[in-house]
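In this text, all values refer to a predicted model and were calculated from it rather than measured experimentally.
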Amino acid sequence: MKKALLLLFLFVPITVTLSAQSKQAGTKFILTDRGVDVLNNKTLALNPPAGSVYDKAVYHPQSDEDIEGITYDLFKGKDRIGEAVLYDNKLTEFTVWDSHIALDNGLKVGDNILEALEQGKVKAYAVFNMIEGAIEVYFRHGRVIINAPQAETSPTASLKLQEIEDATVQSWEDGTYDMPTLELNAQDFDSGGAIYSFSLSLP
């Protein structure tokens, strides 16, 4: 089996680049399962208080038909440091790629995802997406999804990935439509690459 492509972006457009990371000095904000700073409830502040994780939210027309709701770009100064999605006027999810935002385990954008996996700071999982016909691998800490698009699975992971694909296909043939999840370890990856961004869906 070919190395699995990692489909890790959720609602983040692939046009986002690391050059958009904030270069401003300042306090590190801690992202948890409950959010980060003012991004912690169902209301999105368009102009949050001074010193917040972002300075303003600007509506961004979304052309991606796979994304429900409306999207706002989050700015810190002149830097675009994240995106937020609203559905029925409620904040449902957001992604941030500012290096001044860290997880409660110390991880931040730019850290190596494989090292984090080896240190037990994150977990890796694989599922087979029947709609896309491809294996999806993702990393997470708690409810936070950690996006690391350069990570590649190793040949030794091929058998595991084939098993999860076969189990999913069989489930659909049986009419149960399950999507079994497989936990991976550091040995299942050839390379890690840098953490690109963090994403969180609010409950």
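Counting only heavy atoms from C-beta outward, the side chains of Val127 and Thr168 never approach each other to under 4.5 Å. Taking 4.5 Å as the limit, some side-chain heavy atom of Leu200 sits within range of a side-chain heavy atom of Leu31. Put simply, the side chain of Leu86 does not reach to within 4.5 Å of the side chain of Phe94, judged on heavy atoms. A 4.5 Å side-chain heavy-atom check between Val137 and Thr153 finds at least one atom pair inside the cut-off. Leu91 places a side-chain heavy atom less than 4.5 Å from the side chain of Leu202. At least one side-chain heavy atom of Glu83 sits under 4.5 Å from a side-chain heavy atom of Trp97.
Transitive grouping of hydrophobic side chains (ILVMFWY, heavy atoms separated by less than 4.5 Å) brings Val169 and Leu182 into a common cluster. No path of Ile, Leu, Val, Met, Phe, Trp and Tyr side chains, each step under 4.5 Å between heavy atoms, connects Leu159 with Phe189, placing them in separate hydrophobic clusters.
For Asp174, the side chain to side chain donor-acceptor pair (under 3.5 Å) criterion is met by Gln170, not counting sequence neighbours. Legend: residues meeting side chain to side chain donor-acceptor pair (under 3.5 Å) with Thr181, ordered by chain and number and at least two apart, are absent. Every residue two or more places apart in sequence or in another chain that forms a side-chain contact (heavy atoms from CB on, under 4.5 Å) with Arg140 is listed here: Tyr125, Tyr138, Arg143, Ile145. Residues satisfying the side chain to side chain donor-acceptor pair (under 3.5 Å) criterion with Lys90, sequence neighbours excluded, are absent altogether. Scanning for ring pair (Phe, Tyr, Trp, His ring centres under 6.0 Å) contacts around Tyr72 gives Tyr59, with sequence neighbours left out. Shown here are the side chain to side chain donor-acceptor pair (under 3.5 Å) partners of Lys121, two or more places apart in sequence or in another chain: there are none. With sequence neighbours left out, Ile131 forms a side-chain contact (heavy atoms from CB on, under 4.5 Å) with Asn129, Trp172.
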What's the verdict on side-chain contact (heavy atoms from CB on, under 4.5 Å) for Ser199 and Asn147, showing C-alpha distance, side-chain angles and the deciding distance?
-> CA-CA 8 Å; Ser199 300; Asn147 305 310; 3.0 Å; yes

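Closest heavy-atom contact between Gly77 and Asp55: N-OD2, 2.7 Å. Contact record, Leu103 with His141: CD1-CB, 4.0 Å, taken as the closest heavy-atom pair.
When only modelled atom types and interatomic distance are considered, Ser171 and Thr176 share a side-chain donor-acceptor pair under 3.5 Å. Using modelled atom types, one finds no donor on one side chain facing an acceptor on the other under 3.5 Å when comparing Thr32 with Asp104.
The salt bridge (charged side-chain N to carboxylate O under 4.0 Å, His left out) analysis of residues 177-189, with sequence neighbours excluded, yields the pairs Lys123-Glu183, Lys160-Asp188.
In this structure, Lys56 satisfies the cation-pi test against Phe75, with its NZ or CZ atom closer than 6.0 Å to the six-membered ring centre and inside 45 degrees of the ring normal.
In this structure, the separation between CD1 on Ile81 and CZ on Phe29 is 9.0 Å, given to the nearest 0.5 Å. Atom OG of Ser99 and atom CD1 of Ile195 lie 12.0 Å apart (nearest 0.5 Å). One finds the CD atom of Glu165 at 8.5 Å from the CE atom of Met130 (value rounded to the nearest 0.5 Å). One finds the CG atom of Leu184 at 9.0 Å from the OG atom of Ser154 (value rounded to the nearest 0.5 Å). Residue Thr95 holds its OG1 atom at 7.0 Å from CD of Glu93, rounded to the nearest 0.5 Å.
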Would you list the atom pairs, donor with acceptor, under 3.5 Å between side chains in residues 108-118 and any protein atom, with sequence neighbours excluded?
{"residue": "Lys108", "atom": "NZ", "partner": "Asp111", "partner atom": "OD1", "Å": "3.4"}
{"residue": "Asp111", "atom": "OD2", "partner": "Lys108", "partner atom": "N", "Å": "3.0"}
{"residue": "Asn112", "atom": "OD1", "partner": "Leu114", "partner atom": "N", "Å": "2.9"}
{"residue": "Asn112", "atom": "OD1", "partner": "Glu115", "partner atom": "N", "Å": "3.0"}

Donor-acceptor list for residues 35-46 side chains, cut-off 3.5 Å, not counting sequence neighbours:
{"residue": "Asp37", "atom": "OD2", "partner": "Val53", "partner atom": "N", "Å": "2.8"}
{"residue": "Asn40", "atom": "ND2", "partner": "Asp37", "partner atom": "O", "Å": "3.1"}
{"residue": "Asn41", "atom": "OD1", "partner": "Thr43", "partner atom": "N", "Å": "2.8"}
{"residue": "Lys42", "atom": "NZ", "partner": "Pro203", "partner atom": "O", "Å": "2.6"}

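Annotation: Phe198 is not in aromatic contact with Phe139 [ring centroid separation under 6.0 Å not met].
Summarising the hydrophobic clusters (Ile, Leu, Val, Met, Phe, Trp, Tyr; side-chain heavy atoms under 4.5 Å, direct or chained), the residues clustered with Tyr87 are none.
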